[in-house]
Amino acid sequence: METSRAARQPRLPFFGAALIGVVALAAALAAGHLVAGFISANASPYLAVGNGAIDLTPVGLKDFAVRTFGVYDKLVLLGGMAVVMVLAAAVAGIASRRSPVPGIVLIAAFGLLGGLAVALRPDLSAVALLAPLASLIAGVGVFFWLHRLASAGPRDEVAGATPSRRSVLLAGAGAVVAAGAAGAGGQLLAGTRDAESSRTAVGRLVPAEPAPPIPADADFAKLGTPTFLTSNRDFYRVDTALSVPQVRAEDWSLRLHGMVREEKRFSYDDIRDRPLIERTITMTCVSNEVGGTYVSTANFIGVDLGDLLREAGILPGAEQIFSTSVDGWTAGSPVVAALDPERGAMLAIGMNGEPLPVEHGFPARMVIPGLYGYVSATKWVKDLEITTWKARRAYWLDRGWGEQAPIKTQSRIDSPKGFETVPAGKVRVSGVAWAQHTGIERVEVRLGANGSWLPATLSREVGLNTWRMWWTELDVPAGSHQVTVRAVDKSGYTQTDARAGTVPDGATGWHVISFTAR
Ligand SMILES: Nc1nc2c(c(=O)[nH]1)N[C@H]1C(S)=C(S)[C@@H](COP(=O)(O)O)O[C@H]1N2
Ligand SMILES: [Mo]
C-alpha cells in the first residue's frame with residue numbers, strides 16, 4: 001500500500017527538497033538553542049558538538065588553527081560546522097525527493113550526535129538532554145510537515161485549494177522566522193539567565209572579617225586622582241575569552257590536587273559558608289604601559305588561599321600553583337606567595353560587596369597581591385594543581401612572557417592630562433603610585449627635563465597591597481612644559497627611568513606628560 005502510493009507520488013523539485021532539509025535543520029538548531037537557554041548555554045547541541053570537536057582536535061591542528069586564525073579560531077570552527085551541517089541537511093532533503101524516510105533518518109542521526117555531545121560534557125546534568133531532544137523533535141517535525149505539504153499532489157487537491165508552491169513557501173518561511181526567534185530567544189536567555197541569574201541568587205556577600213573602612217583622605221579624587229576603590233563597572237578587564245564564560249555557582253567546584261597530602265574539592269557553598277574575609281587589593285596587568293590604565297583597586301571577598309593549601313597539605317618540593325579556568329586558560333603562581341600570610345593571597349568570590357561580576361570571574365577567581373594578573377589572578381578558576389615549575393607551563397609562558405612576574409614599582413600622572421592647557425601660575429599635579437606588597441614610601445615630581453625633584457603629598461596609606469595617591473603644586477610660567485613623576489618604594493628602591501616594554505615581565509620607565517600653561 002504505502003509503497004505503491006509513494007511510487008505514484010511525483011518527485012519533489014531538487015532545490016525545493018534541499019531547502020526543506022535546510023529549513024528543518026534551522027528549526028532543529030533553534031529549538032535546541034532555545035531550550036538550552038533555560039538550562040545552560042553549553043547544552044545547545046550546536047555548541048556541544050563544536051566543543052566536542054575542539055576537544056577531539058589533535059594538538060597540531062589546534063595550533064595551526066590558532067596560528068592561522070588567531071582569536072577567530074573558534075568562529076572559524078563554528079562557521080565550518082555550519083557549512084557542513086547545511087550541506088548535510090540539503091543532502092538529506094535531496095535524498096527524500098519521494099519519501100521523507102531517508103531525510104528523517106539522517107536528521108535523527110544528527111539529533112543523536114548532538115545528544116551524545118551533550119551527554120559527554122562533564123559540566124552538564126541529565127536535564128541538559130532536553131535541548132538535543134527538542135532539536136530532534138523540531139527537526140523531524142518540521143521536515144515531515146514541509147515534506148507532506150510539498151508532496152501533496154493534485155490527487156489530494158480539494159476543489160479550489162491548490163497545494164501550491166506558495167503554501168509550501170509560506171510554511172517554510174514561517175518555520176524560518178520561528179526558528180530565528182527561537183534561536184535569538186535562546187541566545188538572550190542563555191546570556192542573561194545563566195550565570196547572571198545564579199549570581200543574583202547569591203545576593204550580597206557580607207564578610208565575617210571586613211576590610212578596614214577606606215579613610216576619606218585615601219584618595220585625592222577632588223584633585224584629579226582616581227577614587228581609591230574602583231567601581232566594578234570601571235575595573236579594568238583583561239582576558240582571552242571570546243565570550244565571557246557562563247558558570248552557575250551551583251555547577252561550579254574547585255579541585256585542589258597534585259603535590260598535596262589529601263586532594264580536595266570545594267563547592268560554591270563550601271566556600272561561601274566559611275567565614276569570609278575581605279581585603280583591599282590593587283591589581284595590575286603586565287600589559288600596562290607606563291602611564292596606562294590597567295590598574296584598579298577593589299575590596300575582594302573570599303577565603304585565604306593559603307588556608308586552602310594548608311588544609312590539603314602541601315608536599316615538599318611543591319613550587320607552582322598551576323591554575324586552570326573553565327575556558328582552558330592557565331596561570332602558574334608561586335606556592336610560597338600563596339602560603340605567605342603577610343601577602344594575603346585569596347580565592348575570591350566577591351568584589352566590592354557583590355558576588356564577582358561575571359566578566360571578572362564569577363563564581364570564583366584567584367587574587368595574589370603583588371603579582372601581575374597573568375601569573376596570579378585566574379578568573380572562572382576550576383582547578384588548582386600543586387606542582388613544580390618544570391612539570392607544567394602556563395598559557396602565556398610559551399607566548400614570550402616570564403615565569404616570575406612581581407608587579408614593578410610604578411607611578412602615573414592623572415592631572416593635568418597630556419597636552420592639556422592650564423592657567424599659568426600654581427599648577428596642581430596629581431596621580432597614583434603603586435608597589436604592591438612593598439608599599440610606596442615617597443613620590444617625587446619634577447618640572448622640565450632637568451628640574452629638581454620635589455616631594456609630593458601622599459594620601460593616607462591603606463595598605464602595602466594598594467596604590468597610593470599623590471598631589472603637589474608647581475610654579476609654572478606660561479609656555480610649554482613637561483612634568484615627570486617617579487616613586488620610591490618602602491624597600492628603598494627608586495623607580496628606574498630605564499624604559500622597558502611590557503614583554504616579558506612588565507614595563508618600566510618614568511611617566512612624562514606635556515602640557516601648556518597660559
Ligand atoms: N580565565 C582567565 N583568567 C584571567 C585572564 C584570562 O585571560 N583568562 N587574564 C589574566 C590577566 S592577564 C589579568 S591582568 C587579570 C585581569 O583581571 P580583571 O579582568 O578582573 O581585571 O585576569 C587574569 N585572569
Ligand atoms: Mo594581565
Side-chain angles (χ1 to χ4, degrees), residues 12-50 75 78-97 100 102-111 113-115 118 128-153 156-157 160-194 243 246:
L12 296 180
F14 186 84
F15 284 111
L19 204 58
I20 289 176
V22 174
V23 172
L25 169 71
L29 291 179
H33 211 61
L34 177 64
V35 172
F38 289 97
I39 304 165
S40 159
N42 289 334
S44 177
Y46 185 48
L47 292 183
V49 169
L75 288 180
L78 289 175
M81 270 173 50
V83 170
V84 170
M85 286 172 119
V86 165
L87 286 178
V91 167
I94 292 161
S96 309
R97 288 176 71 189
I104 287 174
V105 168
L106 264 171
I107 290 174
F110 273 158
L113 185 66
V118 169
L129 284 170
L130 288 176
L133 186 67
S135 277
L136 186 66
I137 292 169
V140 171
V142 166
F143 186 79
F144 190 72
W145 174 56
L146 288 179
H147 194 278
R148 213 178 57 179
L149 270 181
S151 349
D156 290 338
E157 199 180 320
T162 325
S164 52
R165 297 167 56 150
R166 222 177 110 231
S167 62
V168 180
L169 279 177
L170 272 178
V176 167
V177 169
Q187 190 68 26
L188 261 175
L189 276 174
T192 57
R193 285 187 46 132
D194 227 33
S243 66
Q246 302 284 321

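Numbers for residues simply follow the sequence, beginning at 1.
In this structure, Trp145 and Leu149 have side chains that are in contact, with non-hydrogen atoms separated by less than 4.5 Å.
A pairwise comparison of heavy atoms in Ser44 and His33 identifies OG-ND1, 2.7 Å as the closest pair.
Taking the ring pair (Phe, Tyr, Trp, His ring centres under 6.0 Å) definition, one finds that Phe110 meets it with nothing, sequence neighbours left out. Leu146 is linked by a side-chain contact (heavy atoms from CB on, under 4.5 Å) to Ile20, Val23, Val142, Ala171, counting only residues two or more places apart in sequence or in another chain.
Within the model, atoms CG of Leu29 and CG of Leu34 stand 12.5 Å from one another, a figure rounded to the nearest 0.5 Å.
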With a 3.5 Å cut-off and sequence neighbours excluded, list the donor-acceptor pairs that the side chains of residues 129-140 form with protein atoms.
residue, atom, partner, partner atom, Å
Ser135, OG, Ala28, O, 2.7
Ser135, OG, Gly32, N, 3.4

Acceptor/donor pairs from residues 79-97 side chains to any protein atom, 3.5 angstrom cut, sequence neighbours excluded:
residue, atom, partner, partner atom, Å
Ser96, OG, Ala92, O, 2.8
Ser96, OG, Gly103, N, 2.7
Arg97, NE, Leu12, O, 2.7
Arg97, NH2, Leu12, O, 3.2

